[in-house]
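In what follows, a structure is listed as structure tokens, so that the remarks can point back to it.
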Amino acid sequence: QLACPLDLGCHSVPSVAIVQKEMAVLAKPEILKYIESGDIVVSPYQYENLGPASYDLTLSNEFRHYRPGQGVVDVREETDYKNITDSITIEDGEATS
């Protein structure tokens, strides 16, 4: 499984790694073949997320958003996103505006 984006401390972040270098639309049998061979890695993998020519990913319930009034953010290696964003956790069934 790939690292959690933005170091959120997530526990089940969906990740997809594709070793194949060619670009093509794959049908379900080809997707399954590449998953079985290890050329496509989906973690966590759920068969019910596999479509006719796609794999549906889901988001975590943890997000970060930029604080209002930040203006233009100069993004560099040393930029600490925690200083300019706030963390939000959405509980199951909760909606946001």
Side-chain angles (χ1 to χ4, degrees):
Q1 184 168 340
L2 301 176
C4 179
L6 300 178
D7 189 31
L8 292 174
C10 304
H11 298 287
S12 62
V13 174
S15 60
V16 176
I18 301 176
V19 178
Q20 202 75 6
K21 292 186 180 183
E22 301 99 41
M23 296 297 292
V25 174
L26 301 176
K28 188 174 191 171
E30 286 81 24
I31 295 171
L32 285 170
K33 179 180 83 174
Y34 285 123
I35 288 173
E36 289 170 3
S37 71
D39 289 324
I40 295 177
V41 179
V42 180
S43 176
Y45 174 76
Q46 295 179 310
Y47 181 80
E48 57 270 10
N49 288 6
L50 185 59
S54 65
Y55 187 86
D56 296 333
L57 298 175
T58 56
L59 296 175
S60 172
N61 67 331
E62 299 176 35
F63 299 89
R64 294 199 76 86
H65 72 96
Y66 288 97
R67 292 182 188 131
Q70 291 293 316
V72 176
V73 176
D74 188 15
V75 179
R76 300 172 184 261
E77 280 294 319
E78 61 274 4
T79 303
D80 186 352
Y81 67 90
K82 291 178 184 175
N83 293 332
I84 56 176
T85 63
D86 291 315
S87 177
I88 298 175
T89 301
I90 308 295
E91 300 302 324
D92 287 344
E94 181 181 358
T96 65
S97 54

Note: Leu50 and Ile31 closest approach over all heavy atoms is CD1-CG2, 3.5 Å
Hits for side-chain contact (heavy atoms from CB on, under 4.5 Å) against Asp56, two or more places apart or cross-chain, chain-then-number order -> Asn49, Ser54
Notebook entry, point to check: Under a 4.5 Å cut-off applied to non-hydrogen side-chain atoms, are Tyr47 and Leu32 in contact?
Noted result: yes
Verify, without hydrogens or angle tests, whether Arg67 (side chain) and Asn83 (backbone) share a donor-acceptor contact under 3.5 angstrom.
yes
The reported gap from CD1 in Ile35 to OH in Tyr45 (rounded to nearest 0.5 angstrom) is 4.5 Å
Heavy-atom closest pair (Arg64 atom, Ser87 atom, distance to 0.1 Å) is NH1-CB, 3.4 Å
Do Ile40 and Leu57 sit in one hydrophobic cluster, given that two such residues count as connected whenever their side-chain heavy atoms are within less than 4.5 Å of each other, even indirectly? yes
Query raised in the report: Would a distance-only check, ignoring hydrogens and angles, find a side-chain to backbone donor-acceptor pair under 3.5 Å from Tyr81 to Tyr66?
Result: no
Worksheet item: Taking atom CD of Glu48 as the centre, does the number of heavy atoms from other residues, nucleotides or ligands within less than 6.0 Å exceed 12?
Response: yes
Review point. Just by distance, do the side chain of Thr79 and the backbone of Asp74 share a donor-acceptor pair under 3.5 Å?
Key: yes
query = Are any side-chain N or O atoms of Glu30 and backbone N or O atoms of Ala27, one a donor and one an acceptor, separated by less than 3.5 Å?
reply = yes
